[in-house]
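Following: one structure in structure tokens, then a few remarks.
Chain A is the first sequence line, chain B the second, and so forth, proteins listed ahead of strands; every chain is numbered from 1.
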Protein chains: 2
Amino acid sequence: MAKTQPDSCGLGPAFQVIGGKWKALILWLVHTEPRRFGELKRLVPDISEKMLIQQLREMEADGLVHREVFHQVPPRVEYSATPLGQSLDDALVPLANWGKQHGAAIEARKTNAA
Amino acid sequence: MAKTQPDSCGLGPAFQVIGGKWKALILWLVHTEPRRFGELKRLVPDISEKMLIQQLREMEADGLVHREVFHQVPPRVEYSATPLGQSLDDALVPLANWGKQHGAAIEARKTNAA
DNA sequence: TCAGTACCTTACAAAATTGTAGGTACTTGT
DNA sequence: ACAAGTACCTACAATTTTGTAAGGTACTGA
């Protein structure tokens, strides 16, 4: 993301950690149950491995997700939402509902305009 | 923004209309009272005129803001939030609160990591 | 030793977003 | 005539984000 939004209102930090194309989706997938790396890859087929790791690492650095390595064979890594991640996910719910309610109408408007 | 987030959850459309560096802030400024173009420019000093207009136009196309021209001299244009814009702003409040609560902690974490 | 799974990395390139610099049209004030 | 104010536009360039391709490790079973 380009730097930060001038945050007169608190949205700046939030967008900083959840902005971008994939993070919200990843958080969403991870917030109910721990997910393995390969599992996430399958659940988000359009993401490249690089992006997936990159986003996971950033979210880990921001304290949103927890990464746990199981020293097994084959190796096993699980990602789960931290309490902070959970709280962010909760804060995202109204926005998701808004999208569900108005998304279709907005899509339609765009199609007409084009 | 790059295309859309695969929206398994409704966040896709929401991010599509509010994503980017300035839109949330503009919506925030406009949602309480109508604002003139020049007024917004002063309230967001770091934005370029081009960006301001571009974002306003996109938000207008998405039905979030209403643009009203007063045929006066000097010309006068006012931007205000539509009901849809208001509803989006409401949906953004929890996220803003999250940012206010946890923003500082996240900043601190980043500083340590660097 | 070879193939196979799972996880991760790096170098490089494409695409999207944002910014800069200049310009328009109109009217008032000097 | 000319500067100043308001709202906007356009071409171009820098920055940021995302994607692609190609590895690389570690361990297992045949």
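- In this structure, of D:dT20, D:dT18, C:dC7, it is D:dT18 that holds the atom nearest to the side chain of A:Q55.
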Letter by letter from the 5' end, nucleotides 21-30 of chain D scores (B base, S sugar-phosphate only, - none; protein heavy atoms under 4.0 Å) ------SS--
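- Applying the side-chain hydrogen bond (donor to acceptor under 3.5 Å, both in side chains) criterion to A:R57, with sequence neighbours excluded, gives no partner residue.
- A close approach under 4.0 Å does not occur between any side-chain nitrogen or oxygen of A:R67 and OP1 or OP2 of C:dC7.
- Not a single donor-acceptor pair under 3.5 Å links the side chain of A:R67 to the backbone N or O of A:V77.
- For D:dT6, the OP1/OP2 oxygens have no side-chain nitrogen or oxygen of B:R76 closer than 4.0 Å.
- The hydrophobic clustering, which links ILVMFWY residues whose side-chain heavy atoms are closer than 4.5 Å, places A:V17 and A:V93 apart.
- Checked against side-chain hydrogen bond (donor to acceptor under 3.5 Å, both in side chains), A:H31 has the following partners two or more places apart in sequence or in another chain: A:D89.
- Taking 4.0 angstrom as the limit, A:R57 places a side-chain polar atom (N or O) nearer than this to OP1 or OP2 of C:dT9.
- Partners of B:K50 by salt bridge (charged side-chain N to carboxylate O under 4.0 Å, His left out), not counting sequence neighbours: none found.
- Checked against C:dT18, D:dT18, D:dC8, the side chain of A:K21 finds its nearest nucleotide in D:dT18.
- Atoms CD (A:Q54) and C1' (C:dC8) sit 13 Å apart, rounded to a whole Å.
- Comparing C:dC7, D:dT6, C:dG19 by their closest approach to the side chain of B:M51 singles out C:dG19.
- For the pair B:Y79 and D:dC8, the criterion of a side-chain N or O lying under 4.0 Å from OP1 or OP2 is met.
- Looking at residues two or more places apart in sequence or on another chain, you find no side-chain hydrogen bond (donor to acceptor under 3.5 Å, both in side chains) involving B:T32.
- Distance, B:E58 CD to C:dA16 P: 13 Å, rounded to whole Å.
- For the ring pair (Phe, Tyr, Trp, His ring centres under 6.0 Å) test, no residue two or more places apart in sequence or in another chain qualifies with B:H66.
- The distance between atom CH2 of A:W22 and atom P of D:dT18, rounded to the nearest whole Å, is 9 Å.
- Between B:K23 atom NZ and C:dA16 atom C1' there is a gap of 13 Å when expressed in whole angstrom units.
- One interatomic measurement links the two molecules: CD1 of A:I53 to P of C:dA6, which rounds to 14 Å at whole-angstrom precision.
- One can place CZ of B:R35 at 14 Å from P of D:dA7, the figure rounded to the nearest angstrom.
- Atom NZ in B:K41 sits about 14 Å away from atom P in D:dC9, given to the nearest Å.
- If you measure from atom CG of B:L52 to atom C1' of D:dT10, you get 17 Å, rounded to the nearest angstrom.
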